[in-house]
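As structure tokens, the structure follows; a few thoughts come after it.
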Number of protein chains: 2
Amino acid sequence: MSLKHSLLVLLAEQSSTGYELSQKYKEAIGFFWKASHQQIYKQLKELTADGWVTFEEQSQQGKPDKKKYQVTDSGFQELQRWLSSEIKPAKANDALLVMLYGGKHVEHQVLLQEIERHKGLHEKNLKKLEAIQGLYLSLSKAQQKEYRLPYLTLKRGLSSEKAWLQWAEEVIEELSDAAQ
Amino acid sequence: MSLKHSLLVLLAEQSSTGYELSQKYKEAIGFFWKASHQQIYKQLKELTADGWVTFEEQSQQGKPDKKKYQVTDSGFQELQRWLSSEIKPAKANDALLVMLYGGKHVEHQVLLQEIERHKGLHEKNLKKLEAIQGLYLSLSKAQQKEYRLPYLTLKRGLSSEKAWLQWAEEVIEELSDAAQ
DNA sequence: CTGGCCATGTAATGCGTTACATGATTAG
DNA sequence: CTAATCATGTAACGCATTACATGGCCAG
């Protein structure tokens, strides 16, 4: 399991509330790890029970209390243990490819449409990542050095989105040509 | 859910037993969809209850009976419906990138080792896919045309493994240079 | 006055993994 | 003798998704 560990990674970077964490799962690390707010709140509870994080409540008027979570010493140890362990390769369950694989049972037009739709989504993702890259490149050398590792993950995102789009071009050409 | 639909796709191609299907999840479509035999047997039961597949039992001496599954008319309709529906983009939960993102809490050497290990796995995958590509390219034009769509999914595998390896090269260089 | 953001959750259901179980045959 | 392949499953647990619930504040 690594949802817990991804939470530890984010909390080690900066103490946060559940809500703030769920934002990060959409932005900073969204392209390589997804988690809903429901999952996050549940796991934060378990992490607390494990003794790997603690929280301070900050009461707010009107709104419910904020809980600011932070990593404990034993949580930090656990994080280091995990970082030094063997990581399982990501499991890819890609329904779009299942569709293409079995695509002969529908018209090419149907496949094309769906691929075009996904292409739109991937283009949007790529733009987002490029924007983050722009921010990174505008930092000072010292700051760039600090964020070197997160930047490497960003590069993975850029590379994978670009490769996807290139492949999609090929597919679209192939399916359009070979009109059935 | 698409495990059921990926089963329908495979069964529409060819009637098979649960065991044969689990082999295909390791070979033919293994890089974009994974499923354990336990899951497969469970889903086959449900697919039968749904009326989307049926099976014929073939008794064998010594071994337990084989159940050869095939898609029913209503299963075929369901497949076509699914193929024409909106497919959710794949969800990426990639623990290796989480590790890299939070990698400053361990030594570079530890990160490098794990990335090298994954590089080995990806190289192996790439070779497998290239072997399948070799087979495809040795087919007659007519046969190539028949397997055009599965071939497009294979190309996705090739493209994505190559992009991964290229990225890994960059990462390894970066982490080796910036020795801490 | 509508929708989005802030902020936190519970409950039910569905999907996936791990462990366990059985038993024959074949290759090294 | 050991491990792999063929062949099928059950049970327990863990992880993820969907639906539901609450409620204030702010911008258009």
Side-chain angles (χ1 to χ4, degrees), chain A residues 1-8 15-27 29-30 32-50 53 55-69 82 86-95 98, chain B residues 1-8 15-27 29-30 32-50 53 55-69 82 86-95 98:
Chain A
M1 215 272 287
S2 337
L3 171 51
K4 278 188 184 181
H5 296 102
S6 65
L7 283 165
L8 286 178
S15 299
S16 320
T17 66
Y19 187 81
E20 285 162 358
L21 288 166
S22 82
Q23 297 314 103
K24 288 200 192 169
Y25 278 99
K26 283 178 200 157
E27 294 150 25
I29 65 164
F32 62 85
W33 201 279
K34 312 233 187 249
S36 64
H37 74 272
Q38 291 94 329
Q39 261 181 294
I40 292 166
Y41 288 119
K42 216 190 293 175
Q43 294 300 316
L44 283 173
K45 231 176 215 181
E46 281 191 42
L47 283 167
T48 308
D50 294 333
V53 304
F55 60 89
E56 283 169 29
E57 274 184 278
Q58 295 169 355
S59 59
Q60 307 182 111
Q61 61 246 49
K63 302 179 188 177
D65 291 359
K66 252 190 206 175
K67 289 182 189 168
K68 195 139 213 158
Y69 286 88
W82 180 77
E86 289 207 347
I87 306 286
K88 265 201 226 167
K91 183 189 151 176
N93 280 26
D94 187 334
V98 174
Chain B
M1 217 271 288
S2 334
L3 171 50
K4 278 188 183 178
H5 296 103
S6 66
L7 282 165
L8 285 177
S15 299
S16 318
T17 65
Y19 187 80
E20 284 162 359
L21 288 166
S22 81
Q23 297 314 102
K24 288 199 192 170
Y25 278 97
K26 283 178 201 157
E27 294 151 25
I29 65 164
F32 60 87
W33 201 277
K34 312 232 187 250
S36 63
H37 74 272
Q38 291 94 330
Q39 259 181 296
I40 291 166
Y41 287 119
K42 214 190 294 176
Q43 294 299 315
L44 283 172
K45 229 175 217 181
E46 281 190 42
L47 282 166
T48 308
D50 294 331
V53 306
F55 60 89
E56 285 168 28
E57 275 184 277
Q58 294 170 356
S59 59
Q60 306 181 111
Q61 62 246 50
K63 303 179 189 179
D65 291 359
K66 252 190 208 176
K67 290 183 188 167
K68 194 139 214 157
Y69 287 89
W82 180 77
E86 290 206 346
I87 307 285
K88 265 201 228 168
K91 183 188 149 172
N93 281 26
D94 187 334
V98 174

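Each chain gets a letter, A, B and so on, in the order its sequence line appears, and its residues count up from 1.
Within the 4.0 Å cut-off from OP1 or OP2 of C:dG9, not a single side-chain nitrogen or oxygen of A:Tyr41 is found.
Proximity note for A:Lys67 (side chain, C-beta onward) versus D:dG9, C:dT8, D:dT8: the nearest is C:dT8.
Distance, B:Leu44 CG to D:dT8 P: 9 Å, rounded to whole Å. Taking atom OH on A:Tyr19 and atom P on C:dG4, their separation rounds to 13 Å, with Å as the unit. In this structure, the NZ atom of B:Lys24 is 14 Å from the P atom of D:dA7, given to the nearest Å. Whole-Å rounding puts the A:His5 NE2 to D:dG14 P distance at 15 Å. One can place NE2 of B:His37 at 7 Å from C1' of D:dG9, the figure rounded to the nearest angstrom. Protein atom CD of B:Glu27 is 13 Å distant from nucleotide atom C1' of D:dT5, rounded to whole Å. As rounded to whole Å, 17 Å separates atom P of D:dT5 from atom NZ of B:Lys66. A:Glu57 places its CD atom 14 Å from the P atom of C:dA7, with the value rounded to the nearest Å.
B:Tyr19 is not listed as a side-chain neighbour of B:Ile40, based on a closest heavy-atom distance of 4.5 Å or more. At least one side-chain heavy atom of A:Asp50 sits less than 4.5 Å from a side-chain heavy atom of A:Lys4.
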Base versus backbone protein contacts along nucleotides 12-18 of chain C [heavy-atom cut-off under 4.0 Å; B, S, -]: ---SBBB

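B:Ser36 contributes atom OG, which lies 8.0 Å from atom NZ of B:Lys42 (distance to the nearest 0.5 angstrom). Once rounded to the nearest 0.5 Å, the distance linking NZ of B:Lys91 with CH2 of A:Trp33 reads 7.5 Å.
When only modelled atom types and interatomic distance are considered, B:Thr48 and B:Tyr69 share no side-chain donor-acceptor pair under 3.5 Å.
Remark: side-chain polar atoms of B:Asn93 are not paired, donor with acceptor, to backbone N or O of A:Ala90 under 3.5 angstrom.
Closest-nucleotide positions on DNA chain D for B:Gln23 and B:Tyr69 were compared, and the one nearer the 5' end corresponds to B:Gln23.
Other residues, nucleotides and ligands contribute over 12 non-hydrogen atoms within 6.0 Å of the CD atom of B:Gln23.
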